Amino acid sequence: MKKESAATIRAKQYTKNSDWFCDFRYAPITGLAYEEGVHRRDPSSVIQVGDTYYVWYTKSVGEAHGFSTGDPEAKVFPWDHSEVWYASSPDGVNWTEQALAVGRGPKGAYDDRSVFTPEVLHHDGKFYLVYQVIEGQYLLRKYENIAMAVAEAPEGPWRKLDEPILRPAMNGEWYGDDDNRLKVKHKGDFDSLKVHDPVLFYYNNQFYLYYKGEQKGEEMTFGGRTTKWGVAIADHPEGPYLKSEYNPVTNSGHETLLWHYRGGMAGLLSTDGPEKNTIQYAYDGINFEIEAVIKNPPEAAGPFRTMDHDRSPLEGIRWGLCHNVHSKWNYIMKFNIDEEFKHCYANKVNPEVLWLGKKARKD
């Protein structure tokens, strides 16, 4: 009998085709590009209203100094002391920054420190922004919530809800009094410390709020950080939202990126966890299964919300905006999916021919 390695045996489980597989290409845009002294990051999904595209994003100014300054008002991260702005475009490439959409609240409000990482849902003539908020001093053990604002036009004005729509579990127990989020007696739920990166969908006649959870005493495993996604569901867009009894619905993933597809929900999980850099699909929006393993996914991506999302598995992420945080000042750029090499194999065209042709044109 022919001997088989462990890898060969595992490979027999990997029988899915390439329908969900893709590469990604990146390109600059105007209006939201690199600017000295300004951070622009975490773009929302791109929506089209009439002939105009809109996007919302996190904006802040000034350098971040971390937690060691001794000044409780010092800017800790690029998303600290931030607010949500919006921009418009006729073509998805050339953007004009318009104005502040949702700012920080007055001293003592639930959003007085920072307002960031927005997502948008256009439903029944109204626009719903969901985003993260921090109140008071920014600490490592700080609880973070998800809030909502509502408008009847993309330009606003935006009406904030009186309270956050989702809070962390806030269970678990800290060890000691030092501001160290990794030292715990008990971790609590997967979202015991923070709820992050919200994205809202109208799905199955309800409203599904997907989010990333951070846990007290988070650890590092062979897949990296142990962040996961959950979902909270409501009958009305303004809530109340109840967390699913199946949470967490993923075992990996950082920023949430999901889209509708043929009665289910698809998601791209990146950055963290044993199933990072995968595209997954849940026929019921809850039970996600891996459909493709990808490389070089966009960071904090906001896809264009097309009405043709059922055309193909990847139509819901055909293009969109993402951020580049690998420079001193964060900025926004465009991504497109690239299926050329996959199509080469499907059509029995040697991909080396395509690669050499591209190289010749570039040279």
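Being a predicted model, the structure only gives us computed values, none of them experimental.
Between the CZ atom in Arg167 and the OH atom in Tyr110 there is a gap of 9.0 Å [rounded to 0.5 Å]. Interatomic distance, Asp189 CG to Gln215 CD, rounded to the nearest 0.5 Å: 8.0 Å. Put simply, CG on Asn247 and CH2 on Trp229 are 13.0 Å apart, with the number rounded to the nearest 0.5 Å. For the atom pair CE (Met265) and CG (Asp284), the distance works out to 11.0 Å, reported to the nearest 0.5 Å. Annotation: the span from Tyr241 atom OH to Ile146 atom CD1 amounts to 10.5 Å, rounded to 0.5 Å. The distance from the CD1 atom of Ile290 to the CD1 atom of Ile279 is 11.5 Å, given to the nearest 0.5 Å.
Looking only at distances, no side-chain donor or acceptor of His196 sits under 3.5 Å from a matching main-chain atom of Lys212. Within the 3.5 Å criterion, the main-chain N or O of Gln206 finds no donor-acceptor partner in the side chain of Asn204. At least one donor-acceptor pair closer than 3.5 Å links the side chain of Lys160 to the backbone N or O of Gly103. The backbone N or O of Asp124 lies less than 3.5 Å from no partner atom in the side chain of Tyr202, so there is not a single donor-acceptor pair. Under the 3.5 Å distance criterion, the side-chain polar atoms of Thr227 are matched with a main-chain donor or acceptor of Gly253. In this structure, the side chain of Lys342 engages the main chain of Ser18 through a donor-acceptor pair within 3.5 Å. A donor-acceptor pair under 3.5 Å is formed between the side chain of Asp338 and the backbone N or O of Glu340. The backbone N or O of Lys59 lies less than 3.5 Å from no partner atom in the side chain of Arg40, so there is not a single donor-acceptor pair. Under the 3.5 Å distance criterion, the side-chain polar atoms of His39 are matched with a main-chain donor or acceptor of Asn330. No donor-acceptor pair closer than 3.5 Å links the side chain of Ser244 to the backbone N or O of Val231.
The hydrophobic clustering, which links ILVMFWY residues whose side-chain heavy atoms are closer than 4.5 Å, places Leu258 and Leu200 apart. Cluster annotation: Trp319 and Ile337 are assigned to distinct hydrophobic clusters (Ile/Leu/Val/Met/Phe/Trp/Tyr, side-chain heavy-atom contacts under 4.5 Å, transitive). One hydrophobic cluster holds both Ile317 and Ile294 under the rule that ILVMFWY side chains link at heavy-atom gaps under 4.5 Å.
Tyr246 OH: 12 or fewer foreign heavy atoms inside a 6.0 Å radius. For Tyr175, the OH atom sits in a loose shell: 12 or fewer heavy atoms of surrounding residues, nucleotides or ligands are nearer than 6.0 Å. Other residues, nucleotides and ligands contribute at most 12 non-hydrogen atoms within 6.0 Å of the NZ atom of Lys126. Annotation: Asn17, atom CG; neighbour count of heavy atoms from other residues, nucleotides and ligands within 6.0 Å is above 12.
By the side-chain contact (heavy atoms from CB on, under 4.5 Å) test, Pro274 is found to be paired with Phe222, Asn251, Ser252, residues two or more places apart in sequence or in another chain being considered. By the side-chain contact (heavy atoms from CB on, under 4.5 Å) test, Asp177 pairs with no residue at all, sequence neighbours left out.
With hydrogens and angles left out, the side-chain atoms of Thr96 and Ser88 include no donor and acceptor closer than 3.5 Å. For the residue pair His260 and Arg305, no side-chain donor N or O sits within less than 3.5 Å of a side-chain acceptor on the partner. Checked by atom type, the side-chain pair Glu119/Ser45 shows a donor-acceptor distance below 3.5 Å. For the residue pair Asp111 and Tyr131, no side-chain donor N or O sits within less than 3.5 Å of a side-chain acceptor on the partner. For the residue pair Ser114 / Asp80, no side-chain donor-acceptor distance below 3.5 Å is found, with atom types taken as modelled. For the residue pair Tyr143 / Lys216, a side-chain donor-acceptor distance below 3.5 Å is found, with atom types taken as modelled. If you check the side chains of Trp329 and Glu36, you find a donor sitting under 3.5 Å from an acceptor. For the residue pair Tyr138/Glu144, the side-chain donor-acceptor check at 3.5 Å is satisfied.
In this structure the side chain of Thr8 never reaches within 4.5 angstrom of the side chain of Lys3, judged on heavy atoms. Between His254 and Glu299, the closest side-chain pair of non-hydrogen atoms is not below 4.5 Å. Within the 4.5 Å cutoff, the side chain of Lys142 has no heavy atoms near those of the Arg181 side chain.
Outside the 6.0 Å centre-distance limit, the rings of Trp158 and Tyr86 are not counted as a close aromatic pair. Under the 6.0 Å cut-off for aromatic ring centres, Phe304 and Phe335 do not qualify, their centroids lying 6.0 Å or more apart.
Between Lys16 and Glu291 there is a salt bridge, since at least one side-chain N of the basic residue sits less than 4.0 Å from a carboxylate O of the acidic one.
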Report all side-chain donor-acceptor pairs from residues 51-58 shorter than 3.5 Å, counting only partners two or more places apart or in another chain.
from: Tyr54; atom 1: OH; to: Glu155; atom 2: OE2; distance (Å): 2.7
from: Tyr57; atom 1: OH; to: Glu97; atom 2: OE2; distance (Å): 2.6
from: Thr58; atom 1: OG1; to: Thr117; atom 2: N; distance (Å): 2.7

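Between Phe77 and Trp79, the ring planes lie parallel to each other; the angle is under 30°, not in the 30° to 60° tilted range.
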#### Entry: Check against side-chain contact (heavy atoms from CB on, under 4.5 Å), Phe207 and His123
CA-CA 10 Å; Phe207 295 88; His123 177 74; 3.6 Å; yes

What verdict does the side-chain contact (heavy atoms from CB on, under 4.5 Å) test give for Thr306 and Trp259, after you've listed the backbone C-alpha separation in whole Å, the side-chain angles of each residue and the deciding distance to 0.1 Å? CA-CA 9 Å; Thr306 176; Trp259 63 98; over 6 Å; no

